[in-house]
Amino acid sequence: SAVISQKPSRDICQRGTSLTIQCQVDSQVTMMFWYRQQPGQSLTLIATANQGSEATYESGFVIDKFPISRPNLTFSTLTVSNMSPEDSSIYLCSAGARAYEQYFGPGTRLTVT
Amino acid sequence: DAKTTQPPSMDCAEGRAANLPCNHSTISGNEYVYWYRQIHSQGPQYIIHGLKNNETNEMASLIITEDRKSSTLILPHATLRDTAVYYCIVRVAHPGAGSYQLTFGKGTKLSVIP
C-alpha cells in the first residue's frame, strides 16, 4: 500500500491569489492524479500528473488555471491560479502503482473569499 | 468506461449485513468492477474489485451476476464506521498508455444505524 500526505490540509484564500498544494507519496508510484470535489458532489478528475512531462488535463480543466508539476515518482504539486469563489472545493491527490488499486490523500479543503 | 447506476442512499442496522447494489448493464468483457468508499472528510478508499468471479477480502465480498450486468458489495457485519459513500466504478484494468484514472459517479450513501 501507499501512504499519501497533502499540504496544506486546508486554507482560506482571497480572490485573485494562487495556492499550491503539495502531494507526497511514501513510495515510488507509476501514476499520480489530481481530483476536485465540490461541496456535496462526487470527485472529478482534473489531470494526470506525468513524471518528467506536462500533465494530461481532462475536459474543462486547463494548464493556465491548474498548473501541475511532478518532478519525481513520489511528489507532485497542483496550483490553483487566480482563484475565485467557484474554486472552493476539496482537492485530492491519488497515486497508484497498480491499475486496480489507488490510494488517496486526505484532501486539501480550499475556501476562496 | 461503462456507466453505473447505484441507489442514492441506504440504511443498514449495525451488526447486520449491508448489501449495496450496482447496475452496469453496458459493461464490456474486459472491464472490471471496482468499489471504493469515502468516509466523511477523508479521501476515497479502495475496497475490492472483480471481473466475473465472486471475490472476498478482509473488508467485503463482491458478488457479480453471471451476465455481469450487475453486482453487489456485501459488508458482512456493518459497523458505525462503515457509514460512508460507496462508489461502484467500471473500467478496464489495462486501458493502454498506462492511465489508471477513476471516474466517480454519485455513489450510494450508506448510513449504519445503531
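These numbers come from the heavy atoms of this one structure, side chains and all, not from hydrogens, waters or symmetry mates. The chains referred to below are lettered A, B, ... by the order of the sequence lines, with proteins before strands, and numbering in each begins at 1.
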Counting N and O atoms only, with roles assigned by atom type, does the side chain of B/N57 sit under 3.5 Å from a partner on the main chain of B/M59, one being a donor and the other an acceptor?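 Checking the backbone N and O of B/M59 against the side chain of B/N57, a donor-acceptor pair under 3.5 Å is found.
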Side-chain donor or acceptor of B/N23 paired with backbone N/O of B/T5 under 3.5 Å: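 Not at all, since once roles are kept as given, no pair shorter than 3.5 Å links the two residues.
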Can you tell me which residue among B/L75, B/T72, B/L73 is in a side chain to side chain contact (heavy atoms under 4.5 Å, CB included) with B/N19?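 Going through the options one by one, the only one that passes is B/T72.
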Residue of the set A/I68, A/L19, A/I21, A/T20 for which side chain to side chain contact (heavy atoms under 4.5 Å, CB included) holds with A/T79: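 Checked A/I68, A/L19, A/I21, A/T20 against A/T79; only one passes side chain to side chain contact (heavy atoms under 4.5 Å, CB included): A/T20.
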Side chains of [Y] and [X]: any donor to acceptor distance under 3.5 Å?
X: B/R37; Y: B/Q45; answer: yes
X: A/T48; Y: A/T56; answer: no
X: A/S94; Y: A/Q102; answer: yes

Can you name the residues of residues 105-113 of chain A that have some heavy atom under 4.5 Å away from a heavy atom in chain B?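 Under the 4.5 Å heavy-atom cut-off, A/G105, A/P106, A/R109 qualify.
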Measure A/Q37 against the heavy atoms of chain B and call it side chain, backbone, both or neither at under 4.5 Å.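 It is the side chain, since no backbone atom gets that close.
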Counting only non-hydrogen atoms closer than 4.5 Å, can you tell me which residues of residues 105-114 of chain B sit against chain A?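 Answer by number: B/G105, B/K106.
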In terms of relative ring orientation, are B/Y87 and B/F104 parallel, tilted or perpendicular, with 30° and 60° separating the classes?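 Ring orientation of B/Y87 relative to B/F104: perpendicular.
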Restricting to non-hydrogen atoms, name the atom on B/P44 and the atom on A/L43 that form the minimum distance, rounded to 0.1 Å.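 That closest heavy-atom pairing would be CG-CD2, 3.7 Å.
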For A/F104 and B/Y46, what are the C-alpha separation, side-chain angles and deciding distance, and is it a ring-ring contact (aromatic ring centres under 6.0 Å, His included)? CA-CA 9 Å; A/F104 284 79; B/Y46 165 80; over 10 Å; no
